[in-house]
Amino acid sequence: MVRPARPVLTSLGPLALDRAGAEPLHRQLYRALRQAVLDGRLRAGERLPPSRALAADRGLSRNTVVTAYDTLLAEGYVTGRVGAGTFVASTLPDAAPGGGAGRDGGRTESRRGVGLSARGRMLAEAPALARDRAGRPFALGTPALDAFPFGLWAQLLGRCWRGGGRMLATEPDPLGHPPLRAEIAAYLRAVRAVRCEAEQVVIVSGAQQGLALMAQLLIDPGDSAWVEEPGWPGNRAALLGAGAELVPVPVDAEGIDVAAGMARGPDARLVLVTPSHQFPLGVTMSLTRRLRLLDWAAARDAWIVEDDYDSEFRYAGPPLAALQGLDGAGRVIYVGSFSKVMFPALRLGYVVVPPDLVEPVRAARRHFDGGTSIVPQAALHRFLADGHFASHLRTMRALYAAKRAAFLESIASGFAGFAEAEAGEAGMHVLLRLPPDCPDRALAERAARIGLTTPPLSDYYRGGGAGNGLLLGFAAHDPAALDRAVRDLARLACGG
């Protein structure tokens, strides 16, 4: 297939042409283009720009470019097609004049290793669970995208572009779009009992960036940090990236075991928890545990990072107050995201920091990335301010509650007498506990072969330990499809 012409050779970068040198410019241009072909910057079948366009772009005469092209054509590096242009040849000369290198890259460099730092090697080797982007049952964290008002979202994006003027084209505030921060603060105060003002809200490119940013600011290499066991690998990676020594702390029916954490890591600098809906077990941290954790953090001058990743979807009673709202010592940092409520590709989240961290966070954002893209922030502000977010959230809660109820009925029927579901009171997944003679990883591998995504619980333990179950997401599929998938999984598990 013929590739469209590019107006300039952007893949080449600057061409090293010495206009005062003794070698003619057409020869210098020829050598530069030939090396680009040998290095793979210009690939087989790729069209070179018209001679007039290249001459104008590089400040050369057209005759200089034509002569360079003719030389490349004569030596077999390009081909010419009448009326179509000049293209890189699919088969190159066996040896390049002057000892040039082969097709794939000019000079071949060798080195003893990848060159990663110790921290980089730790991150590269940290377990990372693959995301299912194919939308198969029972993928985790995927909302019902067919229920999101994408048409409305597109209108809001267009309206913001048209009405934003220069504000949307200039460098953003490192902490985020001020009107959006105000809306989020108001929402969190009303719905989650978070203690915050707009100035404390930081917009980030997803909750994971927020966690990594806080870890970089608050942890020195070698500091210990509590993590839930089992827990989300991405949370652990954020701490590993800052050089933390992880202290796995068990989770039971009341949430993270604070007494065990105090015994295992008494000098911890930071604790990362999911108190409203623990991932992956789905339990809620009891008030007794919350207060004990806050007391310990205040006494030790430690930080608590509260990852509130999907608290909006609670099916028993009103939403719980955030742990941050109970904090009177300014030790809790609250992290949330819009990805699960709206759509994953939005990549907008937020962090609520104590007042004394606002300026350090502002400085860090300036150094790291300068802030989050402003246009989706402006559209999200309108989505919240005009009431669309609240309306969408009500719709999704009702939809997910109905899906969840039907899903649990399917599991109870399909796995009767074999396995039980633990649903908790919130969230977008349930935990299917398996009997000891049905290892979760083996079942997950068999399920994958019939098109089902069933992450095994044991993968969420640092040592691949104690858990034996499957995590089953239900939000993205209709009840009939989920029922069929449950029956297929049950036949595999029960040997039917």
Does [X] come within less than 4.0 Å of [Y], counting only side-chain N to carboxylate O?
X      : Y      : answer
Glu425 : Arg314 : yes
Arg331 : Asp301 : yes
Glu359 : Arg362 : yes

Ring centroid separation for Phe343 and Phe338, is it under 6.0 angstrom?
-> no
Taking the six-membered ring for Trp and the single ring otherwise, decide whether the centroids of His429 and Phe279 are under 6.0 Å apart.
-> yes
With side chains defined as the heavy atoms from C-beta onward, is the minimum distance between [X] and [Y] less than 4.5 Å?
X      : Y      : answer
Tyr460 : Pro455 : yes
Pro344 : Pro143 : yes
Met285 : Ile256 : yes
Leu240 : Glu245 : no
Trp153 : His388 : no
Asp488 : Val486 : no
Leu408 : Val430 : yes
Pro354 : Ile333 : yes

Derivation of the side chain to side chain contact (heavy atoms under 4.5 Å, CB included) call for Val305 and Tyr334 = CA-CA 6 Å; Val305 177; Tyr334 181 87; over 6 Å; no
Kindly say whether [Y] contributes a backbone atom to a donor-acceptor pair with the side chain of [X] at under 3.5 angstrom?
X      : Y      : answer
Glu306 : Gln324 : yes
Tyr315 : Tyr400 : no
Gln216 : Gly241 : yes
Lys403 : His477 : yes
Asp223 : Asp220 : yes
Arg195 : Gly325 : yes
Gln377 : Thr372 : yes
Arg300 : Pro266 : yes
Tyr309 : Val335 : no
Gln278 : Leu281 : yes

Distance check, rounded to the nearest 0.5 Å: [X] atom [atom1] versus [Y] atom [atom2]?
X      : Y      : atom1 : atom2 : result
Thr142 : Arg136 : OG1   : CZ    : 11.0 Å
Cys160 : Gln155 : SG    : CD    : 11.5 Å
Arg292 : Asp257 : CZ    : CG    : 8.0 Å
Cys438 : Phe415 : SG    : CZ    : 8.0 Å
His367 : Arg365 : NE2   : CZ    : 13.0 Å
Leu457 : Arg441 : CG    : CZ    : 10.0 Å

Under 3.5 Å side-chain donor-acceptor pair for [X] and [Y]:
X      : Y      : answer
Arg484 : Ser410 : no
Glu254 : Thr288 : no
Ser205 : Arg347 : no
Ser224 : Arg269 : no

State which residues pass side chain to side chain contact (heavy atoms under 4.5 Å, CB included) with Ala299; sequence neighbours excluded, sorted by chain then number.
-> none
Decide salt bridge (Lys or Arg N to Asp or Glu O under 4.0 Å) for Arg397 and Glu312; before the verdict, give the C-alpha distance in whole Å, the side-chain angles of both, and the deciding distance to 0.1 Å.
-> CA-CA 8 Å; Arg397 280 184 184 138; Glu312 289 87 357; over 6 Å; no
For [X] versus [Y], what's the shortest heavy-atom pair and its separation?
X      : Y      : answer
Gly427 : Asp310 : CA-OD2, 3.2 Å
Val251 : Pro230 : CG2-O, 4.4 Å
Ala421 : Ile411 : CB-CG2, 3.9 Å
Ala329 : Asp327 : N-OD1, 2.9 Å
Leu489 : Ala447 : CD1-CB, 4.0 Å

So Phe474 and Phe407, would you call those rings parallel, tilted or perpendicular, with 30° and 60° as cut-offs?
-> tilted
Give me the ring orientation class for His392 and Phe148: parallel if the planes are under 30° apart, tilted from 30 to 60°, perpendicular past 60°.
-> perpendicular
Should Trp226 and Val258 be marked as a side chain to side chain contact (heavy atoms under 4.5 Å, CB included) after you check the CA-CA gap, both sets of side-chain angles, and the distance that decides it?
-> CA-CA 10 Å; Trp226 297 4; Val258 180; 4.3 Å; yes
Among [options], which residue satisfies the side-chain contact (heavy atoms from CB on, under 4.5 Å) criterion with [X]?
X      : options                : answer
Ile304 : Leu270, Val332, Leu272 : Val332
Asp440 : Thr454, Leu434, Leu432 : Leu434
Leu357 : Val352, Leu218, Leu217 : Leu218

Going by the salt bridge (charged side-chain N to carboxylate O under 4.0 Å, His left out) test, name the single residue among Arg462, Arg264, Arg236 that passes it with Glu229.
-> Arg236
Report the C-alpha separation of Val249 and Glu228 in whole Å, then their side-chain angles, then the decisive distance to 0.1 Å, and conclude whether the side chain to side chain contact (heavy atoms under 4.5 Å, CB included) test is met.
-> CA-CA 5 Å; Val249 180; Glu228 295 173 327; over 6 Å; no
Go through the steps for Val194 and Arg189 under the test side chain to side chain contact (heavy atoms under 4.5 Å, CB included), then give the verdict.
-> CA-CA 5 Å; Val194 171; Arg189 288 194 300 265; 5.7 Å; no
Set of salt bridge (charged side-chain N to carboxylate O under 4.0 Å, His left out) partners for Arg181, sequence neighbours left out = Asp173
